[in-house]
Amino acid sequence: STTLPYPREVIARLGDVNVNQPIYFNYPDNRSPCVLIRKGREVKGGVGPDRDVVAYSTQCTHMGCPVNYDKEAETFKCPCHYSIFDPDNAGQMVIGHATESLPRILLEYDEAEDTLFAVSVDGLIYGRQANII
Ligand code: FES
């Protein structure tokens, strides 16, 4: 079998990203919904000058339901069986039925272009045997 490379895709200009306002995108293909969040403070794995930008697959690792970002609690909540995931701690599950963290979308920040790119995935996207298919 062949391992395909991850695409490098523009997600947003950092200057256009407001703190705690989720930006939805697809990665590494258009059947994989994801979300980017700028936390406004340094968080684990955060990129950008303030190390505050993170991104995750929004497919719950339990059974694949789309998780929602709760702006007040600053957590991801799954409406199906109430798992909760922490964007400040690498997508780790806080409570619930899932056994895996939310897959992290690895980002790079290009300072010259003030642009955030998605470049890879850490963790297996729900329902897949490989992230690149
Ligand atoms: Fe998310 Fe079950 S699918 S908790």
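Counting begins at 1 with the first residue of the sequence. Everything numeric here is computed off the predicted structure, so don't read it as measured data. Order of appearance sets the numbers: ligands from 1, and atoms from 1 within every ligand.
- Both cation-pi conditions hold for R8 and F117: the charged atom is under 6.0 angstrom from the six-membered ring centre and inside a 45 degree cone around its axis.
- Between the side chain of D114 and the backbone N or O of G15 there is at least one donor-acceptor pair closer than 3.5 Å.
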> C80 and C65: disulfide (SG to SG under 2.5 Å), yes or no, with the steps?
Replying inline: CA-CA 6 Å; C80 290; C65 288; 2.0 Å; yes
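- Using a cutoff of 4.0 Å between basic side-chain nitrogens and carboxylate oxygens, D52 and R38 are scored as salt-bridged.
- Screening the protein for N, O or S atoms under 2.8 Å from atom 1 (Fe) of ligand 1 yields 2; no waters enter the count.
- The nearest pair of heavy atoms linking N131 to P28 is O-CG, 3.5 Å.
- Here R128 pairs with D29 in a salt bridge; the nearest charged N to carboxylate O distance falls below 4.0 Å.
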